[in-house]
Amino acid sequence: MSHPPLPDTRTILADLNDWYSKLPYQHAEPLTGPTREVHAVLHGWMEYYDETLFLYGYTVGALEHCFFYDTPWDERGRVLGKGHHSEWYDGLAMPRPFRVRYSVAQPDRHEILDPLLCEMMKRPLHRLGTRPAVERPFTATAEEVLAHIDRWDERLPFLRRRRYLHIATPKESSGWLPTLARFGNVVGKGDGAYMPYEFEVESSRFVFAVKLTHSFSRMTPNDHAPSSSRAERRAHLSAARRQDQTLQELVGAQDVRVRYNPDNPGLHALELPLLQPGEPQLMLDRYTMYQLEPIVFPPPRAEQRRAR
């Protein structure tokens, strides 16, 4: 059976609702001919309606071959229901490295060698295609990630801990300690643009990459309630402009005050400078960012669900 041409893997992952039903199935078959073994990565899980999908891939040459494993249950219903069945993947930590064997003649044909993950071969897989590979996904330095941010953009949600950049409130910052952060220049373009910054705590370097969502340029009529007044719409636009202004002020900025949690410095907030009388107040919503160093992986799936 022929399948319609698919877009690149990045597009599929970004628009899963549009492309999931068009992904070709692939069944496990014994490999014939020359084979090779390589490292693979079980990146993490995604959801499509009532489907729970495990994304994994392995690198052949300069390309990563990517696949979805579809669990046999509606996982939300299974967890919430009484007397639910246990499954082999309950408590499975992700991301997770493992080994596969692939066919040299057909690199997308493979066998999973991990004693636990080989269970995935018992169900049809969904083949996404290939994408440019990254080196050392579990141990890449901040500089390596930022140098190839176009490749890391779609991987960061799976391979690095997500946090949020925001302005410190008096209640929050009262028990946190001060330090100074250095912001870098923007790397990447469009939806994949990031602004890095770092600070030190007891000689340990903490590096983060803020995902830039240009609020003003993205605003549409749908961002305003139909019943909103002209004054409310203007206030909304003004707030979006202040957001962009705050981000522009931070690009390349040095010695920006930060308050961090002494027990977990990855948890921190900005202390923006006081403005001159008459200047509009700077503001910053909770921007998504990823901790690049020290490397921390995303929390377990159950914890992510509770955070939603």
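The structure presented is a predicted model; accordingly, all values stated were derived computationally and were not measured. The residues of the chain are indexed from 1 along the displayed sequence.
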Item to check | Verdict with reasoning, His166 to Tyr287, per ring pair (Phe, Tyr, Trp, His ring centres under 6.0 Å) | outcome: CA-CA 7 Å; His166 60 286; Tyr287 273 72; over 10 Å; no

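No option in Leu113, Val38, Leu117 other than Val38 meets the side chain to side chain contact (heavy atoms under 4.5 Å, CB included) test with Val100. Screening Leu92, Ile112, Leu55 against Leu42 for a side chain to side chain contact (heavy atoms under 4.5 Å, CB included) leaves a single residue, Leu92.
Contact check for Lys22 versus His126: no side-chain heavy atoms found under the 4.5 Å cut-off. In this structure, Thr141 and Arg136 have side chains that are in contact, with non-hydrogen atoms separated by less than 4.5 Å. Proximity of Met195 to Phe183: side-chain heavy atoms (C-beta onward) are separated by under 4.5 Å at one or more points. Counting heavy atoms from C-beta on, the side chains of Leu177 and Arg259 never come closer than 4.5 Å.
How far CD1 of Ile167 is from CG of Leu270: 7.0 Å, rounded to the nearest 0.5 Å. Here the CG-CG distance, from Leu125 to Leu23, works out to 11.5 Å after rounding to the nearest 0.5 Å. In this structure, Leu159 CG and Thr139 OG1 are separated by 11.0 Å, a value rounded to the nearest 0.5 Å. For the atom pair OG1 of Thr179 and CZ of Arg257, the computed distance is 9.5 Å after rounding to the nearest 0.5 Å. The structure places OG1 of Thr11 at 3.5 Å from CG of Asp8, a figure rounded to the nearest 0.5 Å. From Leu247, atom CG reaches atom CG of Leu165 across 8.0 Å, with rounding to the nearest 0.5 Å.
Counting non-hydrogen atoms of neighbouring residues, nucleotides and ligands closer than 6.0 angstrom, the CD atom of Glu202 reaches no more than 12 such neighbours. Remark: Arg123 CZ is packed, more than 12 non-hydrogen atoms of other residues, nucleotides or ligands lying under 6.0 Å away.
Nearest heavy-atom pair, Val41 versus Pro137, reported as atom, atom and distance to 0.1 Å: CG2-CG, 3.9 Å. Between Pro298 and Pro95, the shortest heavy-atom contact is CD-CD, 4.0 Å. Minimum heavy-atom separation, Tyr194 to Ile149: CD1-CG1, 3.4 Å. Asn185 approaches Gly252 most closely through the heavy-atom pair OD1-CA, 4.1 Å. Looking at every heavy atom in both residues, Tyr89 comes nearest to Pro72 through OH-CD, 3.7 Å. The minimum heavy-atom distance between Trp152 and Ala140, with the atom names listed, is CZ2-CB, 3.6 Å.
Inspection of the Gln291 and Arg161 side chains reveals no N or O donor paired with an N or O acceptor under 3.5 Å. At a cut-off of 3.5 Å, with distance as the only test, no side-chain donor of Asp108 or Tyr102 sits close to an acceptor on the other residue.
Remark: Arg101 pairs with Glu37, Glu111 by the salt bridge (charged side-chain N to carboxylate O under 4.0 Å, His left out) rule, at least two apart or across chains. Applying the salt bridge (charged side-chain N to carboxylate O under 4.0 Å, His left out) criterion to Glu198, with sequence neighbours excluded, gives Arg182, Arg205. Every ring-ring contact (aromatic ring centres under 6.0 Å, His included) that Phe138 has, sequence neighbours left out, goes to Phe297. Taking Asp263 as the reference, Asn261 meet the side-chain contact (heavy atoms from CB on, under 4.5 Å) condition, with sequence neighbours excluded. Evaluation of the salt bridge (charged side-chain N to carboxylate O under 4.0 Å, His left out) rule for Asp114 yields Arg96 as partners, not counting sequence neighbours.
Looking at Lys211 and Asp153, a side-chain N of the basic residue comes within less than 4.0 Å of a carboxylate O on the acidic one, giving a salt bridge.
A tilted orientation is assigned to the rings of Phe208 and His268, their planes being inclined by 30° to 60°.
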Pairs under 3.5 angstrom only: tabulate donor-acceptor contacts from the side chains of residues 61-71 to other protein residues two or more places apart or in another chain.
| residue | atom | partner | partner atom | Å |
| --- | --- | --- | --- | --- |
| Glu64 | OE1 | Arg131 | NE | 2.9 |
| Glu64 | OE1 | Arg131 | NH2 | 3.3 |
| Glu64 | OE1 | Arg155 | NH2 | 2.7 |
| Glu64 | OE2 | His43 | NE2 | 2.8 |
| Tyr69 | OH | Trp88 | NE1 | 3.4 |
| Asp70 | OD2 | Tyr20 | OH | 3.3 |
| Thr71 | OG1 | Thr52 | O | 3.4 |
| Thr71 | OG1 | Trp73 | O | 3.3 |
| Thr71 | OG1 | Glu75 | OE2 | 3.1 |

